[in-house]
Amino acid sequence: MAKRSSAYIWQFVIGLGLLSGIWTAIGIDPGAVLLDVAGDIVGSVYSDPGVRYLLIILPVVLLVIPVIGAYRRGRVLGLISVIIAYISGLFILISVLTSVILLIIAIISGYLATNRRMRKKLTGT
């Protein structure tokens with residue numbers, strides 16, 4: 001597997017898509033938990049409302065940045081692979097077989113999204 005495809009699959013398909021889906025299926029958002037703890041700590045030390053607003057906006061920014069990165073490296077097919085991996089993470093508690101099949105589809109589409117020569121052969125662009 002090419003270095004570019006491997007990095008995309010690990011960083012975005014598995015890291016952003018699959019793990020986010022698993023956390024959603026479990027019902028825990030580790031980013032929100034960490035930001036709540038950080039907000040409580042910062043609020044007790046420095047009670048400026050501007051810092052509190054920053055901690056409210058920060059989760060949105062932390063979600064938008066990886067989505068933009070996934071789009072830049074994989075375009076539309078890359079985003080589709082991340083969404084399929086997210087759905088795979090959601091299904092992991094319901095049906096492991098369905099989850100594995102969806103993850104394989106997400107990995108293949110993530111590989112195709114970053115492999116420019118293969119994409120040109122398949123789509124002609």
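Under the side chain to side chain contact (heavy atoms under 4.5 Å, CB included) criterion, A70 pairs with Y8, F12, L79, V82, sequence neighbours left out. Legend: residues meeting side chain to side chain contact (heavy atoms under 4.5 Å, CB included) with I68, ordered by chain and number and at least two apart, are V64, R72. Contacts of P59 classified as side chain to side chain contact (heavy atoms under 4.5 Å, CB included), with partners at least two apart in sequence or in another chain: L35. Scored by the side chain to side chain contact (heavy atoms under 4.5 Å, CB included) test, I105 finds I84, I101 as partners (sequence neighbours excluded). Remark: S88 engages S99 in a side chain to side chain donor-acceptor pair (under 3.5 Å) (not counting sequence neighbours).
One hydrophobic cluster holds both L55 and L62 under the rule that ILVMFWY side chains link at heavy-atom gaps under 4.5 Å. V13 and W10 fall within the same hydrophobic cluster, defined by Ile, Leu, Val, Met, Phe, Trp and Tyr side-chain heavy atoms under 4.5 Å apart, directly or through other members. Note: the hydrophobic cluster containing I28 also contains I22 (ILVMFWY, side chain heavy atoms under 4.5 Å, direct or indirect links). Cluster membership check: I80 shares its hydrophobic cluster with V67, using side-chain heavy-atom separations under 4.5 Å among Ile, Leu, Val, Met, Phe, Trp and Tyr. A continuous path of ILVMFWY side-chain contacts below 4.5 Å connects V76 to I83, so both sit in one hydrophobic cluster.
Scanning all heavy atoms of the two residues, the minimum distance from G74 to A113 falls at O-CB, 3.5 Å. The minimum heavy-atom distance between A106 and S109, with the atom names listed, is O-OG, 3.0 Å. The minimum heavy-atom distance linking R52 with D40 is given by the pair NH1-N, 4.1 Å.
Annotation: the span from I87 atom CD1 to I92 atom CD1 amounts to 14.0 Å, rounded to 0.5 Å. Separation of atoms CG (L90) and CG (L18) is listed at 10.0 Å; rounding is to 0.5 Å. The distance from the OG atom of S5 to the CD1 atom of I108 is 12.5 Å, given to the nearest 0.5 Å.
The hydrophobic cluster containing V37 also includes I41, under a criterion of side-chain heavy atoms closer than 4.5 Å among ILVMFWY residues, counted directly or through chains of members.
A 4.5 Å side-chain heavy-atom check between W23 and D29 finds every atom pair outside the cut-off. The closest side-chain heavy-atom distance from L112 to L77 is below 4.5 Å. Here the side chains of V51 and Y46 are in contact, with some heavy-atom distance below 4.5 Å.
Side-chain N or O atoms of S6 include none that pairs as donor or acceptor with a backbone N or O of K3 at under 3.5 Å.
In this structure, R75 satisfies the cation-pi test against Y71, with its NZ or CZ atom closer than 6.0 Å to the six-membered ring centre and inside 45 degrees of the ring normal.
Side chains of T24 and Y86: a donor-acceptor N/O pair is present below 3.5 angstrom, by distance only.
Between F91 and the choices V96, T98, L103, V100, the side-chain contact (heavy atoms from CB on, under 4.5 Å) rule is met once, by T98.
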